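Written out below as structure tokens is the structure these notes cover.
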Amino acid sequence: MADFSGSDLTCLRGERLVFGGLSFSAKSGDAVMLRGRNGAGKSSLLRLMAGLVAPRSGDLRWNGENIAEDRTAHHARTHYLGHQDAIKPVLTVRDNLRLWGQLRGVRDLEPAIDRALTALQIHHLARVTGRYLSSGQKRRTALARVLIGHSDLWLLDEPTVGLDRESCAELAQLITEFRGRGGIVVYSTHIDLDVESPTILDLDDFAIPMVEWLAEQDELEDMAPTKRAASSQEAAQ
Amino acid sequence: MNGFLAILQRDLRLALRQGADSVMVVAFFIVTTTLFPFGVGPEVNILARIASGVIWVSALLAAMLSLERVFQADYEDGTLELLTLSPVSLELLILGKVLAHWLTTGLPLIIAAPLMAVMLNMDQDGFVTLMIAMLLGTPALSLIGAIGAALILGARRGGVLVSLLVLPLYIPVLIFGAGAVEAALLGISATAQLQIMAAILLLTLAAAPFATAHAVRQAME
Amino acid sequence: MHRFAKPSVFLKFTAPILPWLSALTVILIAAGLYFSLIGSPVDYQQGHTVRIMYIHVPAAWMGLFCYVGMAICGAMSLIWKHPLADICARATAPVGATFTALCLITGSLWGEPMWGTWWVWDARLTSMLILLFLYLGYMALVNAFDDPERGSKAGSALALVGAVNVPIVKFSVDWWNTLHQPASIVRMDGPAVDPSMQLPLALMILGFTCYYFVVLILRVRLELNERRIRALHLSGMFEDPETPTSAKEQAYEAGHNAGAKQ
């Protein structure tokens, strides 16, 4: 029974405060859906969870162990799907996927690629080079990568972008199967993805006004007049 | 080790499919070298005297020119992000990428160098030393260059910037590379210079992948 | 560890030091200038030209000192991820570059009457020139990013790489120089420095070092204040209070897009 949780996470993007004081917890078989308007930090949170970015404060734990302790282990158990599909235009779909399987040390790689391609119904494209793929086909290739090799955690950033209605249903099906095997899925999406009873994490709830946060951080200590102005402005609203 | 081979294999395959890159680097090297006789005049003695320096400087510029593409394409299409997130150590993957870069740019330069040496009337005594020195020097150029290429990820005007960052760091390789050939031409043993070049190569081999990996991780944040 | 990174702590810490340090700088440089221009004897070989040395040598010292400082800041940024270390490195670079350039210019002014040429490919001069290139590269890199923090971090990594390289460059330039330089050229090290010259030199070196710290404090303050202004802009505080929500929304979006470009 795996357990993935984060506590009191604060994320700065550049110099902008994205969210603060965010906590969540997910167990094997759970799905967490990230919601929030543009800029609320859905992508940032997924990048934090993947271990690509370190949180400004707070920590992420897998079975109680901080993921920063053993990044390799965390990377081995995680599949991350970002905005970009990472597909080389001159390589075939199969060659594109092979690298990721090799890096994960997947045994019996070719059958595994075959299974992933079949699951996403792009097996007929295996020998097509990346440049001839439509954006939906590229997205499906990227999703096929997530199916290769064992993993316990899927982090999917807008997985439905470029997918048609049928593909979305297939994706929902794949997510259900993965949860059935005890996997945890965290995903963000703008359209309704038919995932059964996801935990909803609304990032707008964790948007704290930057002025307050700066004040808390002691950054504005000698700027008391401005601080008062800020609070009076808020009072006016 | 599998990860290292996998990335090496993929980068070589990419270079092979895209083809033109290696050819362009060699063409640039040849054209640059050819410019010098136009600048200093066709007198055989002068050309023979400056041949080793000219070849090294041109090789340096050619190697630098190809640096931007080591990480840039992977950065833009999200591949680098996934490499950072793969369970293989990033340092090892970078070493694989640098080796691929060297095989597709450094090695062709070494093969083209004697040709240019002949055209510049360099004495034949220096040929072997030139090739050995380049064999030791060009991998160091790729390794040092990778640090610069990783640092400029996401920067404006990356191409010009990388030359400003990397060229001062290339100076030791240039000095000992040209010095080795010059010693051989004077009939002195070039062992000392070559040993120092080997030392530089070992040092960069040990340090550069870590610096590069650090820079790549930074670029991901 | 991040305690001192907080601007208010840094400001509190440096505010009382600054006036004293500034006064000390003025006194040291004034005294140094007096002794070097008036109070010291004329060199029997070099004449009044020797007085250039009182600027040249401290400038060379500062050029190296600043680079070492930058590298140490870079290491601190790497090990402790201390934001103030990045800012210090960033604030040091232009000062170091200016001193290095000053060193090269005064060296060439001194070289013209002494060696009969403005520039010699002397090992020291060449090393200083390369050091100047390293500074310029650092400054170009730091300013090449839309996100200043990313620029500072990349710069710190470069400063460290450069610091590892500086001794190698120095060594290789020395080697190159002995290989090419005709032995007849006058070397700069000459006879031991006369005691009458030591005092002004020491005063000037100390004065320049204090000056550096004054400028460093001022520049770090400036950078911290700029960061606050940017932060306040991002927080939407300066927006028109008439239409708070829409204006805030825009600032929010602009901030988001700037961040998303990495």
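It should be emphasised that the depicted structure is a prediction, and the values quoted were computed from it without experimental measurement. Within every chain, numbering begins at 1; the chains are lettered A, B, ... in the order of the sequence lines, protein sequences first and strands thereafter.
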Give the minimum heavy-atom separation between Ser127(C) and Lys170(C), together with the two atoms involved. OG-CD, 3.7 Å
Residues two or more places apart in sequence or in another chain: which of them pass side-chain contact (heavy atoms from CB on, under 4.5 Å) with Ile46(B)? Val40(B), Glu43(B)
Looking at Lys153(C) and Asp86(C), is there a salt bridge between them, counting it only when a charged N and a carboxylate O are closer than 4.0 Å? no
Candidate pair Leu216(C) and Phe213(C), rule side-chain contact (heavy atoms from CB on, under 4.5 Å), full reasoning: CA-CA 5 Å; Leu216(C) 179 72; Phe213(C) 281 110; 4.2 Å; yes
Under the criterion ring pair (Phe, Tyr, Trp, His ring centres under 6.0 Å), I'd like the reasoning laid out for Trp175(C) against Phe176(B): C-alpha separation, chi angles, the key distance, then a yes or no. CA-CA 9 Å; Trp175(C) 172 296; Phe176(B) 291 109; 5.3 Å; yes
If you define the side chain from C-beta out and look only at heavy atoms, does anything of Thr105(B) sit under 4.5 Å from Arg69(B)? yes
Given Phe36(B) and Ile55(B), is the side-chain contact (heavy atoms from CB on, under 4.5 Å) satisfied, shown in steps? CA-CA 10 Å; Phe36(B) 282 86; Ile55(B) 289 172; over 6 Å; no
Closest-packed option against chain C by number of heavy-atom pairs under 4.5 Å, given Val160(B), Ile152(B), Leu161(B): Leu161(B)
Contact listing (chain C partner; residues 195-211 of chain B; heavy atom under 4.5 Å): Ile196(B), Leu203(B), Ala211(B)
When you look at OH of Tyr211(C), are more than 12 heavy atoms from neighbouring residues, nucleotides or ligands closer to it than 6.0 Å? no
Verify, without hydrogens or angle tests, whether Thr79(B) (side chain) and Tyr75(B) (backbone) share a donor-acceptor contact under 3.5 angstrom. no
So, taking the atom named CG in Leu8(B) and the one named CG in Leu93(B), what distance separates them when rounded to the nearest 0.5 Å? 11.0 Å
Taking CE in Met119(B) as the centre, count heavy atoms belonging to other residues, nucleotides or ligands within less than 6.0 Å. Is the count above 12? no
Answer yes or no: is there an ion pair linking Arg10(B) with Asp74(B), defined by an N-O contact shorter than 4.0 Å? yes
Which of residues 164-174 of chain B get closer than 4.5 angstrom to chain C, counting heavy atoms alone? Leu164(B), Leu165(B), Pro168(B), Leu169(B), Ile171(B), Pro172(B)
Could you tell me the separation between the CZ atom of Phe208(C) and the OH atom of Tyr54(C), rounded to the nearest 0.5 Å? 13.5 Å
Please look at Val173(C) and chain B and tell me whether the side chain, the backbone, both or neither of the residue comes under 4.5 angstrom of a heavy atom of that chain. both
Answer with side chain, backbone, both or neither: which region of Leu151(B) has an atom nearer than 4.5 Å to a non-hydrogen atom of chain C? both
Do Tyr67(C) and Thr92(C) have side-chain N/O donor and acceptor atoms under 3.5 Å apart? no
Applying a heavy-atom distance below 4.5 Å, give me the residues of residues 130-149 of chain B that approach chain C, sorted by number. Ile147(B)
Given Ile130(C), Leu131(C), Leu141(C), Leu134(C), the one with more heavy-atom pairs under 4.5 angstrom with chain B than any other is Leu141(C)
Go through the steps to decide whether Arg217(B) and Glu81(B) satisfy the test salt bridge (charged side-chain N to carboxylate O under 4.0 Å, His left out), and finish with yes or no. CA-CA 9 Å; Arg217(B) 287 202 187 96; Glu81(B) 204 169 80; over 6 Å; no
